[in-house]
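Notes follow once the structure below has been shown.
Throughout, protein chains are lettered first and strands after them, A, B, ... in sequence-line order, and every chain is numbered starting at 1. This is a predicted model, so every value here is computed, not measured. The analysis underlying the following values was restricted to heavy atoms, covering all of them including side chains, and did not include hydrogens, waters or symmetry mates.
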Amino acid sequence: MNTADHTPHFRRVALLWLIATAILTPIVIFVFGPGLPPGNGSAQAAGQVTDNTVLLALSVPVAMAVLVTLGYEIWAFRERDLTGPVLDGPAITGNSSVQMWWLIITTSLVLFLAGFGSVRLLEDGSGGGQGPSPLVNPAGYKHALQVQVLAQQWNFTYRYPGYGGVETPMLELPANTLVEFHVTSLDVVHSFWAYQLGVKADANPGVDNIAYVNTTHPTLINIHCAELCGVWHGYMFQTGKVVSKADFASWIQGAQKTYAPAAKNLTPYSKTYFPSPLGRGA
Amino acid sequence: MTAVATPSPTATPRQRNGLIGFNLLTGIVLGVAGWWIAYLLGGLIHGASIKAFSETGQNDIQILLGYAGGVLGFLAGLGFANYPIRRVLGHPPEIPTHEIDEPGLAKYFRISTDHKIISKQYFVGIAIFFFVGGLNAMLIRTELLSPTTHVFGANQYLTIVGMHGAMMLGMMTSGMIGPFANYLVPLMIGSRRMAFPRIEALTFWLLMAAGVVLVSTIFFGGFQTGWTGYEPLSDQGTAGYDAYLGFFTLVSISMSLLGLNLAATIVTMRAPGMTWSRLPIFVWSVLATSMLMVLAAPMLTATLLMGAMDRTADTGFFLPGVGGSAFLWENLFWVFGHPEVYVLAIPGFGIVLELLPVFARKPLWGYRLAVAGMMGVALFSFFVWQHHLFVSGINADLRPFYMLSTEIISLPTGFTFLCVLGTLWRGRIRMTVPMLFCLGWAFNFLFGGISGVFNSDVPSDVTTHGSFFVMAHFHYTIMGGLVFSLFAAIYYWGPKMTGYQFNERLGKIQFWAMFISFNSTFGPLFAVGFLGMPRRVVTYPSGLTGLNVWVSISAFVLGLSLLFFLWILVKAVVFDRIPAEDNPWHSKSIEWQLPTPIPAYDFNTIPTFSGDPYPYGEPVPAAMGGEMPATAGAM
């Protein structure tokens, strides 16, 4: 490569990038997009799929810009004979317009992503735990079905304050309903992860962590603990259900009857429960 | 070149031979003695109430005091107390001259104040713990070969996971800085030593003590908290968790001191002519890193002391049952923890940008942009920690801010990539082993960075948080970023440091084995996380067996490729012993102009710097976008 090299390297790279992006972006959006997690088990989950698709689609041109340039440089500027004399390339120390455009483009991308993420978050809370005073309250939240998720080593139980605070060992939710999860813990920090619903909220002792979700159609829910909570953390998983409204009504009536004897021995329903002050956290 | 007086040792050399004296052996003897003395004394403090609070009957006061006593005894046995005591007794300051050009290996087993010896001590010491941590990773992948058949008990498994995390994030913090910053910073800025050579030695021996303390957890039942040590789970922990507290306390002290020492050296000890704009980019990266270390590590020390008090002095900082808050730990830990991951990443940027000009035979493209990038990452890293807590249940109002600040950090990181691409542009790229590792870094870190955007976007993070997706993300940045650049550094400066050539062909084989198995290990883990597998679990849905088996087998190959490197190193240094050339890479930076091996006092005369730090390349006409380079090189 001498300094009089007029090969249009930059145009070639730009063209290659354009081709790679034009081919890969639709593939990512239309082939991978629909399969992205966490599926369409709830409005929030479907929203997360949209977010994941947008992020993946945007990362294609960025990744290609770096990879195509890198690949082209390795191909075009590689010294093929390493035994000969060591020759230097041109002493280019920078290019202010390239730097400026890089800064402008990456800054716009970042600001767009942050704006996009914030708008998406503020629409419906995205199923994430928001603490005791949520930033985002979806429409009609005052009439939401309240479900308390009680985490303890190493299981989840659920209380339905709208149904006399009945405590059930498994989660059932009606379809097409706004659910307000109140996630809390009786001992250490856990995290309630209802995969298909796109819900994740840490369970902290003494903290009422609220997460909203709009269920859509009946589905099974894989529930995991997503925060290391001790020896049997790996076994802290369950299967929950979203069922039709009629099925839910009959299930919850049955549950109220079934668990009535146990309910008498339970602590009265409360937003939070504190661990015993004595002993090691337990 | 300005002549500066050579140091004239004022004290007569006091040669110490044999095992008696202040060395590793006496350090271990006094360390064990210190442990038992403090342990028994701690037993006297032991009151009736402690037994009542402790479910295991183990006395945390005794064990924590034991660790403190053991470490103090170890340091005294090594001779760290000698100099302060001599000064207090009125003896004049003295330069320890006995180690200069001393043949044999004994000098590596005691305190040294020669930055080159310390860097080799660091290299070997950290390598030992890196392989222990790597072995833990192999054990984790062995367990995850099957969702139902278990090799380890659940408790044992979590201890292995915790040790792997703590070992890699604690010890490897100094994995790059320890061997290479200690070795290169004084050379590159034209100094004969670090600002505080004894503190430099102290940081190394503290780190070694920390590693032993962490491994000792297996004698006390291990710990179940992972490297993050979330309260109040950790308060349930048996005495094995005291080892975690002792380990990270020592690591954080070592980190603060190391950062302080490096920053002081870079700011105050530059040779004439070494202006800020001539500072090699690796030194800039070390400066950015040391700022992070100095500012972030003390936060960890304080947090751990609060945790230790919860366990011993019946305070309740982190215990919700007595009015404390688990969020306090999460926040304090990540205020340290996020800068910490950039302590791991930034030196990698510096290494790659330092090496590319040599192998592209061009000046560093966008020097100021590169500096701004690393400084920007260092600065922003203090304002992003709550992205670890998006769904934690703390006040959620700041989530849009932390989303923005986290995504902004990709801007300065992007500068580094632009400088990488710009430096290679129109270069004459020489595909040597270090160069391959630099390019491997660029590939891996790109995917590490892009996957980070998914974690920073709150709606996406709701699913990815706490899953294997996050785990794959940070292994791409740390293993794919830090470790690949570390290997670039080893292959590049290894011949200078050891004095022996490394086999180029075996090095290339090792690169490809490592690069392919790395991507084959951690790439599928993104999918595993997306499919809903949480981290740190001992069992998983049977539908994920195929992917997990694939990952485990790839991980074993990755482990073998690292063992293969060990063979390359041993072959070069022990068996082949082919003397390295003074400047095999035709580098123009100052350390390569010195003879191999570098003499004890580095420079005969203190060098004077002038001109560009990367004087490669042929002048180009301004029409081609080039500026005329300064032709004068370093020295």
Side-chain angles (χ1 to χ4, degrees), chain A residues 3 37-38 47-48 51-52 55 59 63 66 69 73 77-79 82 86-95 99 102 106 110 113-114 117-118 120-121 126-131 135 188-189 191 195 200-202 204-207 209 222 224 226-228 230-232 234 274-275 277 280-281, chain B residues 55 154-155 224 226 230 232-233 235-236 320-322 326 361-363 365-366 369 391-397 400 403-404 407-408 411 414 417-418 421 424 426-430 446 450 454 457-460 462-463 466 530 532 534 536-539 586 616-620 625-627 629:
Chain A
T3 48
Q48 289 175 30
D51 263 64
N52 284 331
L55 292 182
S59 56
V66 175
T69 316
E73 286 173 333
F77 306 132
R78 184 153 56 93
E79 192 76 274
L82 289 185
V86 178
L87 298 173
D88 280 10
I92 312 166
T93 55
N95 184 322
Q99 293 175 5
W102 178 278
T106 52
V110 159
L113 282 176
S118 300
R120 303 282 306 156
L121 174 67
S126 293
Q130 305 195 56
L135 172 65
V188 302
V189 180
S191 190
Y195 180 81
K200 194 176 281 148
D202 281 9
N204 299 275
V207 177
N209 192 5
N222 293 330
H224 282 279
E227 186 57 66
L228 184 51
V231 179
W232 302 109
F274 282 96
R280 279 283 158 81
Chain B
E55 287 168 357
N155 184 39
Q224 293 81 41
Y230 272 16
L233 173 66
D235 199 61
Q236 293 181 346
V322 290
R361 310 306 303 170
K362 276 183 65 202
W365 193 92
L369 197 68
V391 297
S392 69
I394 49 171
N395 193 319
D397 300 1
M403 192 173 354
L404 175 67
E407 282 163 7
I408 279 181
L411 294 178
F417 272 96
L418 183 63
L421 298 178
L424 294 176
R426 289 178 187 274
R428 305 191 68 119
I429 302 170
R430 304 177 74 82
L446 177 69
I450 286 177
F454 287 77
D457 183 90
V458 179
S460 289
V462 170
T463 288
F530 261 168
R536 296 153 162 176
V537 290
V538 70
T539 185
H586 309 283
Y616 304 95
E618 300 181 348
V620 283
E627 295 151 30

- Message: Does any backbone or side-chain atom of B:Tyr230 lie under 4.5 Å from a heavy atom of chain A? Answer side chain, backbone, both or neither.
- Response: side chain
- Side chain, backbone, both or neither: which part of A:Glu227 has an atom under 4.5 Å from a heavy atom of chain B? side chain
- Can you tell which of B:Leu446, B:Asn395, B:Asn155 has the highest number of heavy-atom pairs within less than 4.5 Å of chain A? B:Leu446
- Does the B:Gln224 side chain pair with the main chain of A:Val231, one donor and one acceptor, at a distance under 3.5 Å? no
- Message: Do A:Val189 and B:Pro232 have side chains that approach each other closer than 4.5 Å (heavy atoms only, starting at C-beta)?
- Response: yes
- Query: Out of B:Pro400, B:Gly393, B:Gly466, which one racks up the most heavy-atom pairs below 4.5 Å with chain A?
  - Reply: B:Gly393
- B:Trp365 side chain near B:Leu418 side chain, heavy-atom distance below 4.5 Å: yes
- Message: Between A:Val110, A:Thr69, A:Leu228, A:Thr106, who has the most heavy-atom pairs with chain B when the cutoff is under 4.5 Å?
- Response: A:Leu228
- Task: Using a cut-off of under 4.5 Å on heavy-atom pairs, state which of B:Thr539, B:Val462, B:Ile394, B:Val537 scores highest against chain A.
- Result: B:Val462
- Query: Looking at residues at least two apart in the chain, or sitting in another chain, which of them share a side chain to side chain donor-acceptor pair (under 3.5 Å) with A:Asp202?
  - Reply: A:Ser191
- Task: Using non-hydrogen atoms and a 4.5 Å limit, figure out which bit of A:Asn204 sits close to chain B: side chain, backbone, both or neither.
- Result: side chain
- Looking only at B:Leu369, B:Leu404, B:Asp397, most heavy-atom pairs under 4.5 Å shared with chain A are made by B:Asp397
- Item | Interface moiety of A:Val207 toward chain B, non-hydrogen atoms closer than 4.5 Å | side chain
- Item | For the student: nearest non-hydrogen atoms of A:Pro37 and B:Thr463, plus distance | CB-CG2, 4.3 Å
- Per-residue contact mode, B:Val538 against chain A (heavy atom under 4.5 angstrom): both
- Message: Tell me the closest heavy-atom pair linking A:Gly131 and A:Asn209, and the distance in Å.
- Response: N-OD1, 2.6 Å
- Message: I'd like to check the side chain to side chain donor-acceptor pair (under 3.5 Å) partners of A:Glu79; sequence neighbours left out, ordered by chain and number.
- Response: B:Arg428
